[in-house]
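By convention here, the first residue in the shown sequence is residue 1.
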Amino acid sequence: MVSTENISCVLAFFFDVFPFCRNTGDDDVSIKVLYCGICHSDLHTIKNEWRNAIYPVVAGHEIAGVVTEVGKNVARFKAGDNVGVGCMVNTCRSCESCEEGSENYCSRIVFTYNSVDRDGTVTYGGYSELVVVSERFVVRFPDGLPLDRGAPLLCAGVTVYAPMKQHGLSEPGKHVGVIGLGGLGHVAVKFAKAFGMKVTVISTSPEKRQEAVERLGADAFVVSTNASDMKSVMGTMHGIINTACASTSMHPYFALLKPKGKMILVGLPEKPLQVSAFALVGGGKTLAGSCMGSITDTQEMMDFAAKHGVAADVELVRADEVNTAMERLAKGDVRYRFVIDIGNTLKTD
């Protein structure tokens, strides 16, 4: 059994030497990985905190790179195209969710890594030199969107963009709250401002006020543990995007919503949420969850990001610095997304 302390070291070993890619099939796109974001779910998986790790784990589902080869049936991509791969690489393709374009909710979804594909093979992600993915699950990188800062949008970006669009939280003039100013939260602020909305960041960290308002452009900042701050925005928000992973009482946050307001969960707390029925029923409020986004959502989001200058704030790390980055991520020491510079730093034979 591999201890959690050594998981990242095992990962780094396979990162360098283990061959994981299948041959390029008729419907496949072969991609040289140039950048790959480090998502917090990578850390959870590597440490087996969700009790579902299939070792060896090759993580990474924020993949940006260039097409090197396409199968004979591929029509949308050609060698030399800049492309991206997000959180999924296959689905059943026949259920109601797949047929309506919501394949991210397919019960047989195949994730980009640590998942069993339809042919029985285990999937491996973007902490590698090359990935081979079905054309159906590849998105185009639009001109003007840098690959390094665009890579995190393939998970963090669409995870906040899709529910904002779905729940009407993308309309100019509306007021949205963003709980948490991390990898997801900072991108949510940027998208909300690009939509023309009023944005209030809700955080437990007072020191993030200047960052949220002056650099990211939030209209207001409230400290969730400050009663006066919370009272000042009570009943003002049309919706809240909750990116936090803490299992605290939701009651104070529901009080910030207008009647019929919506709180959308995109974070994954380890413990059950504390929700009062009175907090929901009294104002006709909604508590909803959202998982990633469809491929259509993802392409739309990437195009929107390029048009409006939205990109993640990243810290580039070398391939041989992944272990250190994981340790820092576990401590919350990142503003706001680590991205591995694979194309320039991965040593291969």
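Counting only N and O atoms by type, the side chains of Asn323 and Glu327 include no donor and acceptor under 3.5 Å apart. No hydrogens or angles considered: a donor-acceptor pair under 3.5 Å links the side chains of Glu69 and Thr24. No hydrogens or angles considered: a donor-acceptor pair under 3.5 Å links the side chains of Ser30 and Thr68.
With hydrogens and angles ignored, the 3.5 Å screen pairs no side-chain donor or acceptor of Tyr127 with any backbone N or O of Val322. At distances below 3.5 Å, at least one donor-acceptor pair connects side-chain atoms of His238 with backbone N or O atoms of His175. Checked by atom type and distance alone, the side chain of Asn82 never pairs as donor or acceptor with a backbone atom of Phe141 at under 3.5 Å. In this structure, the side chain of Ser102 does not engage the main chain of Tyr105 through any donor-acceptor pair within 3.5 Å. Between the side chain of Ser224 and the backbone N or O of Ile202 there is no donor-acceptor pair closer than 3.5 Å. Judged by distance alone, the side chain of Thr345 and the main-chain N or O of Ala319 form a donor-acceptor pair under 3.5 Å. Within the 3.5 Å criterion, the main-chain N or O of Asn48 finds a donor-acceptor partner in the side chain of Arg51. Checking side-chain atoms of Ser128 against main-chain N and O of Gly125 turns up a donor-acceptor pair under 3.5 Å. Distance alone, capped at 3.5 Å, places no donor-acceptor pair between the His308 side chain and the Ala305 backbone. With hydrogens and angles ignored, the 3.5 Å screen pairs no side-chain donor or acceptor of Glu103 with any backbone N or O of Ile109.
Residue-environment remark: CD (Glu100) exceeds the threshold of 12 foreign heavy atoms within 6.0 Å. For His251, the NE2 atom sits in a loose shell: 12 or fewer heavy atoms of surrounding residues, nucleotides or ligands are nearer than 6.0 Å. Annotation for Asn52: atom CG counts as buried by contact number, over 12 foreign heavy atoms lying within 6.0 Å. The environment of Gln210 atom CD is sparse: at most 12 non-hydrogen atoms of other residues, nucleotides or ligands sit within 6.0 angstrom.
The pair Lys165-Glu300 meets the salt-bridge criterion, since a charged nitrogen lies less than 4.0 angstrom from a carboxylate oxygen. By the 4.0 Å N-to-carboxylate-O rule, Glu135 lies close enough to Arg76 to be salt-bridged with it. Taking a cutoff of 4.0 Å between a charged side-chain nitrogen and a carboxylate oxygen, Arg337 and Glu62 qualify as a salt bridge. Using a 4.0 Å cut-off between a side-chain N of Lys or Arg and a carboxylate O of Asp or Glu, Asp320 and Arg318 qualify as a salt bridge. Ionic pairing of Lys47 and Asp42 is not present here: no N-O contact between side-chain nitrogen and carboxylate oxygen is shorter than 4.0 angstrom. Here Arg149 pairs with Asp313 in a salt bridge; the nearest charged N to carboxylate O distance falls below 4.0 Å. Of the charged side-chain nitrogens involved, none lies within less than 4.0 Å of a carboxylate oxygen, so that Lys208 and Glu211 do not count as a salt-bridged pair. Salt bridge status for Asp119 with Arg22: absent, with no side-chain N to carboxylate O gap under 4.0 Å. Between Asp27 and Arg136 there is no salt bridge, since no side-chain N of the basic residue sits under 4.0 Å from a carboxylate O of the acidic one. A salt bridge links Arg328 with Glu315: at least one charged nitrogen is closer than 4.0 Å to a carboxylate oxygen. In this structure, Asp219 pairs ionically with Lys193, as a charged nitrogen and a carboxylate oxygen lie closer than 4.0 Å.
No continuous path of ILVMFWY side-chain contacts below 4.5 Å connects Phe77 to Leu130, so the two sit in separate hydrophobic clusters. By the criterion of side-chain heavy atoms lying less than 4.5 angstrom apart, applied directly or through intervening Ile, Leu, Val, Met, Phe, Trp or Tyr residues, Val58 is grouped together with Leu329 in one hydrophobic cluster. The hydrophobic cluster containing Val122 also contains Tyr55, counting ILVMFWY residues as joined when their side-chain heavy atoms lie under 4.5 angstrom apart, directly or transitively. There is no path of hydrophobic side-chain contacts, each under 4.5 Å, that joins Met234 to Tyr253. Residues Leu153 and Leu316 share a hydrophobic cluster, clusters being chains of Ile/Leu/Val/Met/Phe/Trp/Tyr side chains in contact below 4.5 Å.
Atom NZ of Lys285 sits about 8.0 Å away from atom CG of Leu256, to the nearest 0.5 Å. Between the CE atom of Met88 and the SG atom of Cys155 there is a distance of 11.0 Å, given to the nearest 0.5 Å. To the nearest 0.5 angstrom, Thr159 atom OG1 is 10.0 Å from Leu154 atom CG. Interatomic distance, Asp143 CG to Asp303 CG, rounded to the nearest 0.5 Å: 10.0 Å. Atom CZ of Phe221 sits about 12.0 Å away from atom CD of Glu214, to the nearest 0.5 Å. In this structure, Ser232 OG and Asn226 CG are separated by 8.5 Å, a value rounded to the nearest 0.5 Å.
Between Ile295 and Val139, the closest side-chain pair of non-hydrogen atoms falls below 4.5 Å. With contacts defined as side-chain heavy-atom distances shorter than 4.5 Å, the pair Ile241/Leu169 qualifies. Here the side chains of Cys39 and His61 are in contact, with some heavy-atom distance below 4.5 Å. Looking at Met302 and Arg140, their side chains never come closer than 4.5 Å, going by heavy atoms from C-beta outward. Between Ile264 and Ile240, the closest side-chain pair of non-hydrogen atoms is not below 4.5 Å. In this structure, Phe137 and Thr91 have side chains that are in contact, with non-hydrogen atoms separated by less than 4.5 Å. Between Arg108 and Asn90 the shortest side-chain heavy-atom distance does not fall below 4.5 Å. Side-chain contact between Leu273 and Leu265 is present, with heavy atoms from C-beta onward closer than 4.5 Å.
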**OP:** Apply the test side-chain contact (heavy atoms from CB on, under 4.5 Å) to residues Phe254 and Ser276: give CA-CA distance (whole Å), side-chain angles for both, the deciding distance (0.1 Å), then the verdict.
**Re:** CA-CA 9 Å; Phe254 283 118; Ser276 165; over 6 Å; no
Subject >> Evaluation steps, side-chain contact (heavy atoms from CB on, under 4.5 Å), between Leu181 and Leu216 >> reply: CA-CA 10 Å; Leu181 196 64; Leu216 295 177; 3.8 Å; yes
Original post:
For Ser41 and Tyr113, what are the C-alpha separation, side-chain angles and deciding distance, and is it a side-chain contact (heavy atoms from CB on, under 4.5 Å)?
Top reply: CA-CA 11 Å; Ser41 59; Tyr113 70 88; 3.9 Å; yes
Subject >> Test log, rule side-chain contact (heavy atoms from CB on, under 4.5 Å), inputs Val83 and Ile31 >> reply: CA-CA 8 Å; Val83 295; Ile31 303 165; 3.7 Å; yes
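Scanning both residues, Pro152 and Val339, for their nearest heavy atoms gives CG-CG2, 3.7 Å. Between Val160 and Thr243 the shortest heavy-atom distance is CG1-CG2, 4.5 Å. Pairing each heavy atom of Ala306 with each of Pro142, the nearest pair is CB-CG, 3.5 Å. Here the shortest heavy-atom pairing between Val89 and Phe111 reads CG2-O, 3.6 Å. Looking at every heavy atom in both residues, Met164 comes nearest to Ala188 through CE-O, 4.1 Å. For Ala192 against Val199, the heavy-atom pair with the smallest separation is CB-CG2, 3.4 Å.
Under the 6.0 Å cut-off for aromatic ring centres, Phe304 and Phe195 qualify, their centroids lying closer than that.
Relative orientation of the Tyr161 and Phe191 rings is perpendicular, given thresholds of 30° and 60° on the angle between their planes.
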